Amino acid sequence: MTAATASMTRADRRLRTRQRVLGLIYLGLAVVMVIGFGVSVGGGVDSTFTLTPGNAPVTVPDLVVPSAGTAYLLATVVAFAGAIQLTRGFGARWALILGLVAFAFVFAFLTWVASAQSMNLTGLLQTTVQRAVPIAFGALSGILCERAGVVNIAIEGMLLSGAFVSAVVASATDNPWLGVGAAILMGGILAALLAVLAIRYRVDQIIAGFFINILVTGLTAFLSVRILQPYQQELNVPPRLGQIHIPLLSDIPVLGPILFQHNIFVYTLFALIIVIHLGLFYTRWGLRVRAVGEHPKAADTVGIDVYFVRYRNVILGGMVAGLGGAYFTIGSTGGFEREMTAGRGYIGLAAMIFGGWNPIGGFLAGLVFGFADAIQSRLSILSIAIPSEFLLMVPYLVTIIVVAGLVGRARAPAADGKPYVKE
Amino acid sequence: MGDEVERKDAPEPEDERPLPEEQPVGEPPRQRSGILGALRGLVLPLLALFTALVVGAFIIILTDFELMGLWASDPVAALAASWSSVTATYGALLRGSIGDPGALIGAIVTLDGDAFRRAFIPLSETIISATPLVFTGLSVALAFRVGLFNIGAEGQLYLGGLLAVIVGFSLTGLPFFIHLPLALAAGFAGGALWGFIPGLLKARTGAHEVIVTIMLNFVAYNLINWALKTPLVQREGRSDPISKIIEPSAALVPIFEGLRAHWGIVIALLAAVAVWWLLFRSTKGFEFRAVGFNPRAARYAGMSIAWSTVMSMVIAGGLAGLAGTAVILSGSGTLSPGFSPGFGFDGIVVALVGNTRPLGVVAAAFLFGALRAGATPMQSATGTPLDLVVVIQALVILFVAAPALVRAIYRIRAERVTGSEVFAKGWGS
């Protein structure tokens, strides 16, 4: 009894500490906004946001805001939120408030960046979506595997293999769709390998995933020197999948260009997110998958074939990652270059965790990381005095904060990474 | 003892840190003593290497397009050509890593200084490549023993290199016996800091060290890129990211005149002895291993899991930091973003192949150091891309981590429980 009450107060106390920490962070952000984005700019300067991308049919007037004024206004809002958070907390709505504060801070940051010049906001968000695509594919792949209890850190390798295979097959056959198919197949094969190692041989899943990453990095680098360089024209100039503007939807001002002027990969991603989300949380299939990931023994007891579910999900996850890999080549730049995924698979893993092993959450996290990526490439153009390296660190730092539970807590499926031994 | 204090300060997270529900099945790996035991321990890694080389040979043959046509018209000639292509590649790899046997014997017999130097260049290069691998291998192995998977050796190595180079160029006028230890200590401290973060987070919040260390690798990489653009670190008059050059008093100088192999290897071997002593001869090491083997039992015995987690990660980080330090303080004496071709990740391979024992780690480090050293001469001699070595390494990990595979291939009966299952656990534990 006493132990129970003690643990209650302990949990309570921890909650209150977290509340206070969050409140102090908000207040600190408000100070940064006032000094960094307001005072440093001074009065009488405007920030211009262009809302139409380069050559759009619908023109939306530019958004012009006073730079310092906006920063002060948003800082006030953030400070207010911080004060309430510090004194009585927001209860269950803390996540919403956190999102709002983050939004206010980012917008103030953007007005500071765009002070006395103009910035194409729509273009920035369009790039954000593009950068988020492979990350989100990676996150979806991870979710499919880990919800069934198999840790997949081989996302990076699967993306890279998809990029390589799709470039080669599409070039050789001059058909991008065959390239996409080959990438999906390749991802599936690697995933099957991971599954056999993890499920049948019960190799540590992190080591197995790590093995696949090194193998693919080495093989693709080896093959690109050995095969792609001598036969560059025949094997590494794939046809690309062009943009498709979705009728009507793409004409929506601002949102249209951001969401509906992309190639087929982006729409497939949207569809996959919805399908996987509905599948995982609203169908019998998803219930079984989650049962296997949370408590395989119980799932086995009620007659679910744990091994089958795990094999199937890991392979599905690999196929999704392979598809995401094709985006790097036939979905964007074309030819394959060694190590071109540049750690996106690991960011996908981070997005999965940040998004709480939830497809929509993973996509939103991917957008956050894509935004950090997009903004740092803009900053170098606008010659802003913030080192781009620090923006590139944001996804990783955010992930550390999330896994450490400093702000909210991401919880992995209970049996994630644990081999299941059938009795 | 410090443990008591720590328990009072932070009892909650430790209490709530979920313990693995089931300990890995199987009996504890029996300790074998004597030469016979050591030899038996070698069988599996060597078979793994052999199998990896065979698979590598198939990769060489199958990616040779000129051979493809030959297979259809004249299979015998194709077979002969394949054989010669494989032997030429592996021969070049061997000559690049160990040297020409004839020249080696000739040099020893004649004792001619010049011939001596030339004959031993490949071995010297192998030692250079092996030096950082000993450190990162020890780093990963030590963490493994405490039940932690340190994927962050790469990042720790970067931080170690950064601090070491800063101490190396900023202090002037010191004698080498003060300056060099200072630079080494700075390198250790940099890595230790980067190991402390995941260790602390794991101990206090249960954040999985694999995720945290992966993320910290990227943070470290960006941090280095940034630091190399600041006026403190960047070399004067350069626009590319490269650091100032360290003072000669901080340099790890070559052991033999004319060969590049430097004193770093001696420090690495000393570190291996130190880790061996720590793990197998000290009380703290006993706690480390107890926590790694069965955290629940260790806690009942009054050991602090949190303390072992943090301390082992600090030491592991420091060792990885020394890997970066050894690279930076030797050779050109500068830091640039690509100074590590994945030494930290190779450390994982080295630790696994070395069966997480210091002596095994040293042996494995020399093996993979030889592969790395031989790769470049192999590429220039036969045109086989040096990334073949990475593929071989990946395959070695596969066969070492899945001993059942090797046993199935060679029909060896299972007679002992190997390490890999001990590490099998999820994000939550």
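Everything quoted here is computed from the prediction, not taken from an experiment. Lettering of chains follows the sequences in order, A, B, ..., and the numbering in each one begins at 1. Because only heavy atoms are used, hydrogens play no part in the values below, and waters and symmetry mates are left out as well, while side chains stay in.
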Report summary line: The interface call for A:L392 against chain B, heavy-atom contacts under 4.5 Å, is both
Query raised in the report: Of the backbone (N, CA, C, O) and the side chain (C-beta and beyond), which part of A:R200 lies under 4.5 Å from a heavy atom of chain B, both, or neither?
Result: neither
**Report entry** A:F211: which of B:V400, B:I348, B:L352, B:L398 passes side chain to side chain contact (heavy atoms under 4.5 Å, CB included)
**Finding:** B:L398
Report summary line: So, the part of B:I197 with a heavy atom under 4.5 Å from chain A: the answer is neither
Report summary line: Okay, A:L223 and chain B: the region with an atom under 4.5 Å from a heavy atom over there is side chain
Query raised in the report: What residue among A:T217, A:L219, A:V216 forms side chain to side chain contact (heavy atoms under 4.5 Å, CB included) with B:V391?
Result: A:L219
Requested in this report: Heavy-atom distances under 4.5 Å only: say whether B:L200 touches chain A with side chain, backbone, both or neither.
Outcome: neither
**Report entry** Per-residue contact mode, B:I214 against chain A (heavy atom under 4.5 angstrom)
**Finding:** side chain
Report task. Could you check whether the rings of A:Y396 and B:F218 sit parallel, tilted or perpendicular, using 30° and 60° as the cut-offs? Result -> parallel
**Report entry** side chain to side chain contact (heavy atoms under 4.5 Å, CB included) assessment of B:H208 paired with A:D416
**Finding:** CA-CA 12 Å; B:H208 200 285; A:D416 205 3; over 6 Å; no
Report task. Please round to the nearest 0.5 Å and tell me the distance separating atom CE of B:M215 and atom CD1 of A:I401. Result -> 12.5 Å
Query - Selection from B:L386, B:I397, B:V219, B:N217 maximising heavy-atom pairs under 4.5 Å formed with chain A - result: B:V219
Query raised in the report: In Å, rounded to the nearest 0.5 Å, how long is the span from CZ of A:R226 to CD1 of B:I60?
Result: 6.5 Å
Query raised in the report: Atom CE in A:M393, atom CG in B:N225: separation rounded to 0.5 Å?
Result: 8.5 Å
Query - Part of B:F345 within contact of chain A (heavy atom distance under 4.5 Å) - result: both
